[in-house]
Amino acid sequence: MYAQVIVDVPARPTDRPFDYEVPLELEACVEVGSRVEVPFGPRVLQGFVVGVSAEAPAGIDRSKLRTVRRVLDMTPPLTPELVELARWMSGKYLCPEIAALQVMVPGALKAKYDKVVVLREDVWRRREEAAQPELLPTDPVRAELADWLRARGEATAEALLERFPGSASLLKSMLAEGVLEERQRVQDRMSVKTALTVFPCGTEAELREAASALPARFQKQKDVLDALLAEGLRPQRLTELLHAVGVTSSVVKSLEAKGLVELRDVEVQRDPYAKRDFARTQPLPLTEEQSHVYEAVCGTLADGRHEVFLLQGVTGSGKTEVYLQSIQRCLELGKEAIVLVPEISLTPQMVQRFKGRFGDDVAVLHSRLSHGERYDEWRRIVRKEVRVVIGARSAIFAPFTKLGLIIIDEEHESSYKQEESPKYHARDVAIRRAEAAGAAVVLGSATPSLESVFATTREGGRKFRLLEMHTRALGRPLPPVQLVDMREELKNGNRSMFSGALHKAIEERLHKKEQIVLLLNRRGYATFVMCRSCGYVAGCPHCDIALTYHQNSRTLRCHYCGYAEREKSQCPDCQSEHIRHFGTGTQRVEEELVKLFPGIRVIRMDVDTTSEKGSHEKWLTMFGEKKADVLLGTQMVAKGLDFPDVTLVGVIAADTVLNLPDFRAGERTFQLLTQVAGRAGRHTLPGEVIVQTYTPEHYSIAAAAGHDYAAFLETELEHRRANGYPPYARLINITLSHEEVPRLMRISDALAQRLKEQALAARQSGEDGFTFDVLGPVAAPIARIKDRYRFRCMVKYRGDAVASRIVRRSVAAFEEQMAKEKLQISVDVDPQLLM
DNA sequence: AGCACGCCGACT
DNA sequence: GTCGGCGTGCTC
């Protein structure tokens, strides 16, 4: 048997399958999707099997074939369907196939390579016994080192030198003699956690009899048997059993010797939700709108068809209940379901709803889990213990084999795009996966992305089917939104960051003991350091970016290259001492709140206060328990929260994002305002929203205030069409980086030229139905990172396949330069952030 | 990406 | 004369 393997070397020349022979004893466990260890050149690597065959591969010298050394998992971590998906991803996002395969498995399975030295006992003995002591090396440490290594079995060179300092040359000569041998090791980052488990041997009657047959002096052994019988002979974790009965392990060992129980190492899970009890919930009755949507989805599910639905439902219209019941139906049909939610809204509230409905049938995957916890949840999927997965972006790769339904909540969220390689978009991957699996996709949002809405129109080819929900499930109207023109406030002498209206509204809520959500529309801007005298901003010496102030270490750090320096007390430019760090903005709002409303209790949520693991949940729980009057924060307070006593939502400055040089700025602003407005008055108490802005006439802001998606859509689409932006075209960003600007400029121009030529060639060879425009090259928004300058070409295209082929071929022409002179080219297909 | 092989400067 | 610098070429 032969296997085709993609090896763990993310580079262009190795980005193809390599053929290996599979030894007979491994044939049973090598299949497409297996993770294997293979020799590759002078080293040993991890790889994924992407093909198997009985016949020897053609076109390769048999003598060159090497053999698979080991299969790394009992069950393959990937399914053939996922292997195929990885192949598609590498073509679509222009990433090495191994990178796509790697994101599909938990980080715990990423290989760790190291080298160890072992003692060659046979060589050692032969030399010692050669009986010519005068010829043996005389180093006194020799024997000691050999003994130590013999006891340990193996050791890394570092560990060995730590134990025997200064023996580097000894080590080298022993390796040369062949007494020591270097071996490569391939390890998982994380291994399976196991626990000794007690398995009763025999039937209940047998054990009962055995227990009573034991003489009185074996009382403790009897106690153990009784405990096992009381638990219905279920296997027990040894530590727990010992604790419960109050005996030591020797007692159980005695029982094992008698053959009454068996002790085995069993894989255990770190279940992060083990301690919590989730009250089971029943399906709620659906409103007319909800059941209309539900029926549509069920129809497709029943047919086992692939179809993409765009579910546009106003905030509070009860999308989640529709998801839950659709999943229920999917499970009844014997299929599995994946639910994607933005990381930020994967709150305990959300998890609770799914755990409550489906109990242990759900695995939860999110980045706040430790490596090990994440791995364990994922293992539950592999072992077929769950049929539903809820998680952030990468949960789209859950290794299900009978996928029936994929739900993407808040589908417009930019966090579905991975910003590192492979730069995939979970929505596009989901659709591709569902196509292959014959599964339905439901994209849900109150404010869908323009791309998705466009896909429901005739012009967009009616690729998606639009389903709408206009009314809120609890019958509450959408809260009225009041726009406050801050220019007027300033004119009237109000220089505070709170308008008269917002000030009064806050006061009222405090009086009535209702709660307030305040949003500062600023993308998690980090704290930076500026001189108030001359305007100097502390920047990274290696990157064109401001340094970030870190409170706890009192240092300034660069988030791009890791550069760090001490906090400054004097401006390096003008020597002024008026140099200080500027808060995230929320800090300043908090200070002002406390000043204006003495005794006000504020919870501030931003990058500073939520960096710690679990802090996000902690703050939300506190707010839910009404331990604070105000929840103040950036984007993160806008998403998916549902607190009944929130009756006021205030937006401090609506337009800060509008001025970013990104064609999606208007869309983002509209979405954010709509989302945050939806936090108010969700239950019995009526809500109110106050939006402060300097540009109340801007269509994004006006439309959000009027809860008018249609108006927003019309204007925004017009803009996009006029400027040739998505959804009328798609984008590919190609970023080039090099240490020298002149060289970089020349290469960038050459690349742009090449792209244009390739496009022309495609057109001339009769290819049509595509457009391909090259913009730039221009300096990238962050013009230098890690002392490398950056230029960018933007491609506007229509026609996926042709465009990626043109880009792939053009970039390939620079491969030689990439290797030779440290040129780097990074391709981002369908970028979400243009910054 | 590594790692080996190979060809030129500063040292015992 | 050797140790070690990093250029370039290959990996089933």
Side-chain angles (χ1 to χ4, degrees), chain A residues 1-24 26-27 30-72 83 86-87 90 94-103 107 109-117 156-158 166-173 175-176 181-187 189 420-422 737-740 743 786 788 811-812 814-827:
Chain A
M1 179 176 166
Y2 302 86
Q4 289 167 290
V5 178
I6 299 282
V7 295
D8 186 13
V9 182
R12 194 50 58 88
T14 50
D15 188 20
R16 61 188 174 86
F18 286 85
D19 295 298
Y20 286 89
E21 200 171 337
V22 180
L24 212 56
L26 292 184
E27 282 193 2
V30 171
E31 43 195 298
V32 172
S34 294
R35 207 166 50 109
V36 292
E37 190 180 297
V38 290
F40 194 67
R43 30 189 194 147
V44 179
L45 294 177
Q46 184 185 97
F48 287 91
V49 175
V50 296
V52 291
S53 63
E55 304 295 309
I60 178 167
D61 188 353
R62 282 289 290 274
S63 64
K64 279 181 96 181
L65 273 188
R66 299 172 76 178
T67 55
V68 172
R69 282 177 43 148
R70 200 151 69 97
V71 179
L72 294 164
V83 169
R87 209 177 144 55
S90 95
L94 303 165
C95 67
E97 214 168 317
I98 188 67
L101 291 162
Q102 214 88 255
V103 282
L109 293 185
K110 190 154 167 54
K112 214 176 63 179
Y113 301 102
D114 60 359
K115 276 185 175 171
V116 289
V117 288
T156 61
E158 295 78 57
S167 311
S169 57
L170 174 63
L171 175 64
K172 204 179 264 174
S173 62
L175 281 167
E181 193 178 63
E182 214 165 17
R183 287 209 187 133
Q184 288 198 62
R185 210 165 46 162
V186 181
Q187 278 184 313
R189 288 253 185 102
E420 311 87 56
S421 173
S737 74
H738 195 276
E739 289 170 359
E740 296 156 34
R743 193 96 193 86
K786 290 188 199 174
R788 302 176 59 86
V811 171
F814 293 82
E815 243 167 56
E816 208 175 313
Q817 291 180 54
M818 291 174 73
K820 280 207 179 106
E821 49 173 321
K822 295 184 204 150
L823 167 71
Q824 280 172 19
I825 301 182
S826 145
V827 180

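Chain naming here is simple, since letters A, B, ... match the order of the sequence lines and numbering starts at 1 in each. Quick note: numbers below take in every heavy atom, side chains included, and nothing from hydrogens, waters or symmetry partners. All values reported here derive from a predicted model rather than from experimental measurement.
- By the salt bridge (charged side-chain N to carboxylate O under 4.0 Å, His left out) test, A/Arg66 pairs with no residue at all, sequence neighbours left out.
- Looking at A/Glu27, its side chain does come within 3.5 Å of a backbone N or O of A/Met1 through a donor-acceptor pair.
- Counting any heavy atom pair closer than 4.0 Å across all strands shown, A/Tyr20 reaches sugar-phosphate atoms only and no base atom.
- Atom NZ in A/Lys64 sits roughly 8 Å away from atom C1' in C/dT11 (whole-Å rounding).
- Of the listed nucleotides (B/dA4, C/dC12, B/dA1), B/dA4 has the atom at the smallest distance from the side chain of A/Pro42.
- In this structure, CG of A/Asp61 is placed 16 Å from P of C/dC10, rounded to the nearest angstrom.
- Nucleotide C/dC12 holds its C1' atom 15 Å from the CG atom of A/Asp15, rounded to whole Å.
- Counted within 6.0 Å of CZ on A/Arg69, heavy atoms from surrounding residues, nucleotides or ligands total 12 or fewer; the atom is thus considered open.
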Check your understanding: Can you list the steps and then say if A/Ile98 with A/Val9 is a side-chain contact (heavy atoms from CB on, under 4.5 Å)?
Key -> CA-CA 7 Å; A/Ile98 188 67; A/Val9 182; over 6 Å; no
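- Contacts of A/Leu65 with the nucleic acid, taken as non-hydrogen atoms under 4.0 Å apart, involve only primed sugar atoms and P, OP1 or OP2.
- For B/dC3, the OP1/OP2 oxygens have no side-chain nitrogen or oxygen of A/Arg43 closer than 4.0 Å.
- Rounding to whole angstrom units, CD of residue A/Glu815 and C1' of C/dG9 are separated by 14 Å.
- Straight-line distance from the CD1 atom of A/Ile98 to the P atom of B/dA1: 14 Å, rounded to whole Å.
- Nucleic acid contact class of A/Pro39 (heavy atoms, under 4.0 Å, all strands): sugar-phosphate only.
- One interatomic measurement links the two molecules: CZ of A/Phe40 to P of B/dA4, which rounds to 15 Å at whole-angstrom precision.
- In this structure, A/Tyr20 contributes its side chain and A/Pro39 its backbone to a donor-acceptor pair below 3.5 Å.
- Computed from coordinates, the A/Glu55 CD to C/dC12 P distance equals 22 Å when rounded to whole Å.
- No contact: A/Arg12 has no heavy atom under 4.0 Å from any strand.
- The distance from atom CG of A/Asp8 to atom P of C/dC12 is 15 Å, rounded to the nearest whole Å.
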